[in-house]
**Q** 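Got a structure here, written out as structure tokens. Questions coming.
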Amino acid sequence: MAEQVTNYQCPNCGGPLHFDSATQQLKCDYCDSLFTPQEVEDYYSEANQQALSVESNNWESETGQWTEEEAANLAAYNCPSCGARLICDSHTGASSCPYCGNPTIVPMQFDGALKPRYVLPFQLEKEEAVRRLQQFYKGKPFVPKAFTETNHIEEIKGVYVPFWLYDATVEARMTYHATRATTHREGDYSVTTTSHFQVARNGILTFEKVPADASSKMPDEYMDAVEPFDYSRLVPFQMSYLAGYMADRYDIDKDEDEKRTNERMYNSTISAMNRTVSGYSTAVPQRQDIRFISGNASYAFLPVWVLSTRWNGKPYLFVMNGQSGKMIGDLPVDNGKFLLYFLVIAALLFAAIFGILSM
Amino acid sequence: MNMKKIVLGTLCAGCAAIFLTADIKADSEEFVRDEYGLLSTDEVQELNSYGAELYENRQCGVYLRVTNDLAGYTYADDYVENVYVVEELGYGDDHSGILLLVSMEEHDYAITVYGSAYDVFTDPVVDDIEEDLVRYLSSGNWYRAFRTYYEECDRILENYTYHEIEYDTDDFIVIDGPGSEPEPEHRGVDPLPVGIGSLVTSLMICLGLRSKNKTTGVKHSAGSYLEDVRLTKKLDIFTHNTVSRVKVADSSDHNRPSGGVTTSYHSSGFHTHSGKF
């Protein structure tokens, strides 16, 4: 099976092009020329056809060094710039050559049914990700000092993560037992009159672009927490947006992600319907019938900066929304600091409360 | 000189008359009456003697009545005040005293304070008395409950008489007394609950701060992506009414020992607390 790799080179000087989030154009690393993604796509429509062909990935298994399963998950390409052999994951769609540093793209990963519908271009640069990580450490008293002072970011990657964006129309039929209470005084008695109501609400709810990451490499708890993205900046997919970033094609299909997304929409449907029952003291749902009456999923690439570091032999992963700058990640806890804070706060509280009560 | 003797003699006679009158009244007073039979004869006698002793030494009537029911009254508050008036209880001209009435039919109790006894048995003080009382009454420890009532009254009256201590909420406040400097005296604050409370609060604060270190998590809702909610049916049907009546506490009532307790103040001079045990 022949596989092709493309990298975008400057039509003026031949230098590598990468997507510049500040100008939202492709920029030459050498001569700083700027080109719109469309211009580059047009220019390279022919160049893609001239990309080097390489043999299929089954050569690794023939050597006996790779198992069949391992070999199936690998792909080998030649860099069109320097000719170096690139071995990467079979889902990799965009990467960079470790020898010449040029961005490389595997067009076949985005062909046909695999072609994403949208891409949300990066808005923030790598430097901003580093700066925000330093800010992220602040205001968290239990982060070990040594972690913030001595640890160094091992790797920063701008990654276009494959997402399924689900649109759905949901029909909800809900009934509630609601009450409304009024209280008045009769002599020494407080008299409460409670009116009981049978409440019914039917409704049609529309959800748009509920995201679910379609890459098994990206943990769900990171990709959910890094939301939301501003979809008004989504653009039709063009491969040139990927230049300079990493990208994998999806390996979780839309049916698999749909279960998790439907659960989110189901919960939000109930909350939204509950909010329509107002003016009562209490409203307890009695029957809830939620049906998904239509829906479809769009394949899109959303931008995140992935920062990895290691401390005390343990890896730490941080992810920044490449559009909004929202940073998420789990930080280590200094148990000594935790104990110290706990005891100091307890002692201060004890002294204050005891002092007040003894006055 | 003669005149002086006459005046002194008259004063002494007057004092003796008052003293004797008080003594005679103390002997004739029925401080404890148990119609229901919760107490043995000896116990009644013992408590009655205690009441007489307080009457003489503390110049205050401390009474106990145990009845079968509220004798047709709806509230124990009204009944206890009626008993106090009908039986002409209390010490001296202002009928100063305190009466505990326990009705066994529906486990009601009421304490009323009348006259200058209210200078001593203020609301917070009666609250404290009730606290122990209700605990023992609820557990059926009748004699212990009534004995504690008398002992508490004795202690409070003693403190007031000799140390001129006025009770307020949870603390003693010394008012000016002859020949002694006002000196605050505190009831001990139990450090154990304060310590436990401090540790728990501190732990909650620290766990809250610690949670800032974890910002990842799977989302379970999609509310941010909900574009439109269109209601196709909206129906609210009234079905029925229910009415509940609860006896409420007076607005000045606080520090109650148990639920459902009320306090009423009457212009007649009664200060009454009541409740269930």
Side-chain angles (χ1 to χ4, degrees), chain A residues 139-143 173 178 185-186 188-210 219-222 224-225 227-228 261 263-265 267-268 271-273 276 327-333 338 341-343 345-347 349-350 353-354 357-358, chain B residues 74-75 77 170-171 184 186-191 193-207 209-210 212-250 262 264:
Chain A
K140 297 178 176 67
F142 299 141
V143 177
R173 294 164 183 267
R185 190 82 176 255
E186 279 180 12
D188 288 339
Y189 286 89
S190 170
V191 180
T192 303
T193 306
T194 306
S195 304
H196 298 257
F197 297 83
Q198 187 67 34
V199 175
R201 295 283 185 274
N202 292 357
I204 304 289
L205 296 89
T206 310
F207 289 90
E208 279 187 17
K209 297 186 176 62
V210 182
D220 289 346
E221 61 268 29
Y222 279 76
D224 282 4
E227 294 174 19
T261 314
E263 188 188 322
R264 288 180 67 178
M265 289 191 277
N267 293 336
S268 293
S271 300
M273 294 302 285
T276 66
M327 178 71 74
I328 54 110
D330 294 341
L331 290 161
V333 173
F338 183 87
Y341 267 69
F342 170 67
L343 293 174
I345 293 171
L349 282 170
F350 181 83
I353 297 168
F354 200 81
L357 291 178
S358 302
Chain B
T74 310
Y75 305 121
D77 307 48
D170 286 335
D171 300 321
H186 298 290
R187 284 182 188 177
V189 177
D190 190 350
V194 177
I196 291 170
S198 303
L199 287 171
V200 170
T201 311
S202 176
L203 185 65
M204 287 169 69
I205 292 170
C206 287
L207 288 176
L209 289 171
R210 186 186 167 131
K212 292 171 100 178
N213 282 29
K214 182 172 170 59
T215 50
T216 61
V218 173
K219 288 200 170 163
H220 297 286
S221 70
S224 337
Y225 307 97
L226 181 58
E227 289 297 312
D228 184 41
V229 180
R230 187 164 49 86
L231 285 181
T232 54
K233 180 181 177 185
K234 189 178 178 186
L235 199 62
D236 299 65
I237 303 168
F238 169 77
T239 55
H240 64 286
N241 271 339
T242 54
V243 179
S244 68
R245 299 161 70 87
V246 177
K247 193 173 185 192
V248 291
D250 188 273
T262 63
S264 57

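Lettering of chains follows the sequences in order, A, B, ..., and the numbering in each one begins at 1. Worth knowing before you read on, the calculation uses all heavy atoms, side chains too, and leaves out hydrogens, waters and symmetry mates.
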**Q** Heavy atoms only, distances under 4.5 angstrom: which of A:P332, A:S195, A:G139 has the most pairs with chain B? Name it, please.
**A** A:S195
**Q** If you count heavy-atom pairs under 4.5 Å between each of A:G329, A:A272, A:S271 and chain B, which one has the most?
**A** A:G329
**Q** B:L209, B:V243, B:L203, B:T242: which one forms the most heavy-atom pairs within less than 4.5 Å of chain A?
**A** B:T242
**Q** Side chain, backbone, both or neither: which part of B:I205 has an atom under 4.5 Å from a heavy atom of chain A?
**A** side chain
**Q** Evaluate side chain to side chain donor-acceptor pair (under 3.5 Å) for B:N241 paired with A:T193, printing each intermediate quantity in order.
**A** CA-CA 7 Å; B:N241 271 339; A:T193 306; over 6 Å; no
**Q** Specify the closest pair of heavy atoms between B:N213 and A:K140, including all atoms of both residues, with the distance to one decimal.
**A** OD1-CB, 3.6 Å
**Q** Nearest 0.5 angstrom please: B:H240 NE2 to A:Q198 CD, how far?
**A** 10.5 Å
**Q** With sequence neighbours excluded, give me every side chain to side chain donor-acceptor pair (under 3.5 Å) pair touching residues 225-239 of chain B.
**A** A:R201-B:D236, A:E227-B:Y225, A:Y280-B:D236
**Q** To the nearest 0.5 angstrom, please state how far the OG atom of B:S221 sits from the CD atom of A:E263.
**A** 10.5 Å
**Q** Which atoms of A:P228 come close to chain B, meaning under 4.5 Å heavy atom to heavy atom: side chain ones, backbone ones, both, or neither?
**A** both
**Q** Going by heavy atoms in the side chains, are B:L235 and A:F197 under 4.5 Å from each other?
**A** no
**Q** Quick one: of B:G197, B:G223, B:G217, who has the most non-hydrogen atom pairs under 4.5 Å with chain A?
**A** B:G217
**Q** Atom CG of A:L343 and atom CG of B:L199: how far apart are they, to the nearest 0.5 Å?
**A** 8.0 Å
**Q** Please determine, among A:I328, A:V199, A:T194, the option with the most heavy-atom pairs under 4.5 Å with chain B.
**A** A:T194
**Q** Between atom OG1 of A:T206 and atom CG of B:L226, what is the distance when rounded to the nearest 0.5 Å?
**A** 7.5 Å
**Q** Give, as side chain, backbone, both or neither, the part of B:S224 having an atom under 4.5 angstrom from any heavy atom of chain A.
**A** neither
**Q** To the nearest 0.5 Å, what is the distance between CG (A:L331) and CZ (B:R210)?
**A** 12.0 Å
**Q** Please rank A:I204, A:T261, A:V210 by heavy-atom pairs under 4.5 Å with chain B and give me the top one.
**A** A:I204
**Q** Could you tell me whether the side chain of A:D330 and the main chain of B:T215 form a donor-acceptor pair under 3.5 Å?
**A** yes
**Q** Any chance you could measure B:K219, atom NZ, to A:S268, atom OG, to the nearest 0.5 Å?
**A** 10.5 Å
**Q** Please identify, among A:G203, A:P219, A:A347, the residue contributing the most non-hydrogen atom pairs under 4.5 Å to chain B.
**A** A:G203
**Q** Heavy-atom distance under 4.5 Å between the side chains of B:S198 and A:I353, does that happen here?
**A** yes
**Q** Closest approach of A:F342 and B:S202, non-hydrogen atoms and distance?
**A** O-OG, 2.6 Å
**Q** What part of A:T192 gets closer than 4.5 Å to chain B, counting heavy atoms only: side chain, backbone, both or neither?
**A** both
